[in-house]
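Report on one structure; see the data block that follows.
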Number of protein chains: 2
Amino acid sequence: MAPATLKDIARELNISVSTVSRALRDSYEINADTKRLVMECAARLHYRPNPIALSLKGASSKAIGVIVPQIANYYFSQAINGIEEVANQRGYDVLIFQTHEAYDREVANLRQALARRVDGLLISLSSETNDVSHLQELQQQGTPIVQFDRVSALLNTPRVVADNFGGAFAATAHLLQSGRRRIAHLTIQPWLSITQERLAGYRAALAHYGVPYEESLVRFGTFGPDEVGPLVDELLALEPRPDAFFTASDRLAVGCLAALRQRRVAIPGDVSLIGFTNLTVADMLAPSLSTVMQPAKQIGQEAVGRLLDLIELKHRAAPPATLTMPTTLVIRESSSWPIDIISK
Amino acid sequence: MAPATLKDIARELNISVSTVSRALRDSYEINADTKRLVMECAARLHYRPNPIALSLKGASSKAIGVIVPQIANYYFSQAINGIEEVANQRGYDVLIFQTHEAYDREVANLRQALARRVDGLLISLSSETNDVSHLQELQQQGTPIVQFDRVSALLNTPRVVADNFGGAFAATAHLLQSGRRRIAHLTIQPWLSITQERLAGYRAALAHYGVPYEESLVRFGTFGPDEVGPLVDELLALEPRPDAFFTASDRLAVGCLAALRQRRVAIPGDVSLIGFTNLTVADMLAPSLSTVMQPAKQIGQEAVGRLLDLIELKHRAAPPATLTMPTTLVIRESSSWPIDIISK
DNA sequence: TTGTATGCGTTATCAC
DNA sequence: GTGATAACGCATACAA
């Protein structure tokens, strides 16, 4: 049995389709009895408005698009969970798109979202994206957009981000407070907002503690696989050697950890390590990987909340504010943890 | 500027909408010149058929639904990557839905997918699901369905699965060959296809090597958080103690690893550990976690391929076959790996 | 070979 | 108050 339509209800009650439509929408100017009858019948038939027909009509499609670099990533999948939670609660479907860190895919995803007539868009920029004209265009066509995590200043929308500056400051300050002085910073593409903010936090902490900033201690990697080893080698070759690492992503953190292990550099004996990461397996598997945790789920919730407000109330008047969510510094460097391998 | 429609092309060329439609659709004998003109104009205006209108019409929506337990899971996100790759290549959008392992959400997702008029459905059952009537209903309405990973025999569809039996057999056999005799099996809900197949593989290997099956060595957990510790404790309390663990999921493997560490049980000194898992971070962080790898991406690709064939060619006649993809046993128990913590 | 009319589910704009 | 009708973008049976 196909889903019930307005027509079904109309036939059932021997009234016209438009009356049914109004009974379900407009509360005013309609007979109370008729309305009650319609509501009742709709409930009985499990009537759900067809979002497809709605979007064709040009009205709301009750769907929002979410464009992220990838879902095989703990941060983004948690963010998506938060997004879905709030969106579903407010009656919206969520369409997920992955850019795989490629600008072309981002543009293609945008087209798909547009074709599916999403009511609004949530986006975290791909690492390849530095031109946002495709998004500006969409915005000018009237599609509400909210940026989260990796945002662009060139795109005038509300933004929800983690406190990258604060997190990086806290991490760096912690390392400095525990006596480290030569802190290497392994980070990602320099044009990303998160990269710049984290670098700024790192530099601010150094400045605050009177430690000079040294350019050679900062290396920019990508999200690609296995290029971490060489970077770590370069850094370890410096004179004097770094006594701490602060990495800016999940992959870099894990890669750095593995590289240090392989080179038999003791953690936290020889060097300390703090990553900007949301890996939960690290809790269990990497007792020496301290992390700056981002509230991924809450960021998603806040972002989608703002988007839905934008869609429903058309708060276009309100200035696009940036919401900064606090991060948490989790220190794991207990040397009393049991170790992974005990050969007999 | 809104996306171009058939009407735009028709106006531009001073012909009727239906002619344009046919020219693009290449239906039957149409004037070659007209066709060329239309094609040209369509290209110039960047015409893309509106999938929304198509689905309202009752025809193809060029979208498939994918229902998985969760995306914050390496196996499923890789599978989704495979699915998207093939689907996009063949001109389909992919709508992703998460059940969060809950039956109610699965039903709700199904409704959403239905409302969005997906052309077909790819599903991996939630761990709560043992009644598949909601899917049978959908199938009777004519929606093509393909199951993957967690499948039900009660639902008569093509299936694409990993070789759970073979993987479990190989893992167990490896442990037996290396001299282990009391192999604990930590697994998930007993009614899931993957659970049963893995258990069968485990038992078959034991039988093959003449080791009696012992019920107390098998424990059923869930996908919930942190219930692994107590199970491990129970198993370690057995007399004689297990000398190996074979776990059936990512979470169980990591949980078991952490629990063993915490209890200072040496791996692979005291016990061996093999997990049925697709964690890649484990490659770097857990040098003693051997795994049975599943070809997640290929499973996704194969599954979606079958679904699209079903949709496009309506191969309903062909018997719904089950495709079993081989797994890979990756042994990691080198005791020469550098250890995580070296306290000084 | 091409144009016209119809319908998919819904809402808005008219009439009644 | 309520019903008929047009429109959204498209495909198609039917007419020309």
Side-chain angles (χ1 to χ4, degrees), chain A residues 1-39 41-42 45-63 91 111 114-119 141-142, chain B residues 1-39 41-42 45-63 91 111 114-119 141-142:
Chain A
M1 38 153 205
T5 71
L6 287 185
K7 201 188 272 183
D8 295 324
I9 302 181
R11 197 181 322 109
E12 188 97 356
L13 266 46
N14 259 324
I15 55 178
S16 82
V17 183
S18 31
T19 306
V20 178
S21 174
R22 266 177 306 218
L24 292 170
R25 311 252 156 281
D26 309 338
S27 41
Y28 63 100
E29 303 288 350
I30 216 170
N31 188 308
D33 287 345
T34 316
K35 186 173 168 185
R36 198 170 32 70
L37 268 159
V38 168
M39 296 296 246
C41 185
L45 265 53
H46 299 108
Y47 170 77
R48 297 265 171 278
N50 182 338
I52 300 260
L54 283 178
S55 31
L56 221 208
K57 195 71 183 74
S60 156
S61 66
K62 286 292 182 185
R111 240 200 298 280
L114 195 63
R116 296 268 162 217
R117 295 288 189 277
V118 295
D119 294 337
Q141 283 170 37
Chain B
M1 39 151 204
T5 71
L6 286 186
K7 200 189 272 183
D8 296 323
I9 302 181
R11 198 182 322 110
E12 187 97 355
L13 266 47
N14 258 324
I15 56 178
S16 84
V17 182
S18 45
T19 306
V20 178
S21 172
R22 271 177 303 222
L24 291 170
R25 203 135 299 276
D26 198 25
S27 52
Y28 46 100
E29 294 307 324
I30 212 167
N31 188 310
D33 288 344
T34 316
K35 185 172 165 185
R36 198 171 31 72
L37 268 158
V38 168
M39 296 297 247
C41 184
L45 265 54
H46 300 108
Y47 170 78
R48 297 262 171 280
N50 182 338
I52 301 258
L54 283 178
S55 31
L56 223 208
K57 191 74 183 66
S60 157
S61 65
K62 287 291 181 185
R111 243 199 293 280
L114 194 62
R116 297 268 162 218
R117 295 288 189 276
V118 295
D119 293 338
Q141 283 170 37

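Only heavy atoms go into these numbers, but all of them, side chains included; no hydrogens, no water, no symmetry mates. Naming: A, B, ... by sequence-line order, numbering from 1 per chain.
For the atom pair CG (L45(A)) and OG1 (T5(A)), the distance works out to 9.0 Å, reported to the nearest 0.5 Å. In this structure, CG on N31(A) lies 9.0 Å from CG on L37(A), to the nearest 0.5 angstrom. Taken from CD1 in I52(A) to CD1 in I52(B), the straight-line distance is 5.0 Å, to the nearest 0.5 Å. With values rounded to the nearest 0.5 angstrom, R116(B) atom CZ is found 9.0 Å from R116(A) atom CZ. A distance of 6.5 Å separates CG in L24(A) from CG in L6(A), rounded to the nearest 0.5 Å.
Relative to the axis of its first five pairs, the axis of the last five pairs of the helix from dT1(C)-dA16(D) to dC16(C)-dG1(D) sits at 60°, rounded to 10 degrees.
In this structure, T5(B) does not reach the dG9(D) phosphate: none of its side-chain N or O atoms is under 4.0 Å from OP1 or OP2. In terms of phosphate contacts, T19(A) brings no side-chain nitrogen or oxygen within less than 4.0 Å of OP1 or OP2 of dT2(D).
Atom C1' of nucleotide dA11(D) and atom CG of L56(A) are separated by 13 Å, given to the nearest angstrom. At whole-Å resolution of the value, CG in L24(A) and P in dT2(D) are 13 Å apart. Note: CD1 (I52(A)) to C1' (dG7(C)) measures 16 Å, nearest angstrom. Atom CG in L114(B) sits roughly 12 Å away from atom P in dG9(C) (whole-Å rounding).
At a non-hydrogen distance threshold of 4.0 Å, K7(A) from residues 7-15 of chain A come into contact with DNA chain C.
Among residue pairs with one or both ends in residues 52-61 of chain A, those qualifying as side chain to side chain donor-acceptor pair (under 3.5 Å) are S60(A)-D119(A), S61(A)-D119(A); sequence neighbours excluded.
Closest contact between the side chain of N50(A) and the listed nucleotides dT10(C), dG1(D), dC10(D) involves dT10(C).
Within 4.0 Å (heavy atoms only), S55(B) reaches no atom of the nucleic acid at all.
In this structure R11(A) satisfies the salt bridge (charged side-chain N to carboxylate O under 4.0 Å, His left out) test together with D8(A), sequence neighbours excluded. R111(B) pairs by the side chain to side chain donor-acceptor pair (under 3.5 Å) definition with nothing, not counting sequence neighbours.
Side chains of P3(B) and R48(B) form no contact here, defined as non-hydrogen atoms less than 4.5 Å apart.
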Show the distances under 3.5 angstrom between N or O atoms of the protein and N or O atoms of nucleotides 11-14 of chain C.
| from | atom 1 | to | atom 2 | distance (Å) |
| --- | --- | --- | --- | --- |
| dT11(C) | OP1 | R25(A) | NE | 2.1 |
| dT11(C) | OP1 | R25(A) | NH2 | 2.9 |
| dT11(C) | OP2 | S21(A) | OG | 2.8 |

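For the residue pair S18(B) and S21(B), no side-chain donor N or O sits within less than 3.5 Å of a side-chain acceptor on the partner.
The minimum heavy-atom distance between R117(B) and N50(A), with the atom names listed, is NH2-ND2, 3.0 Å.
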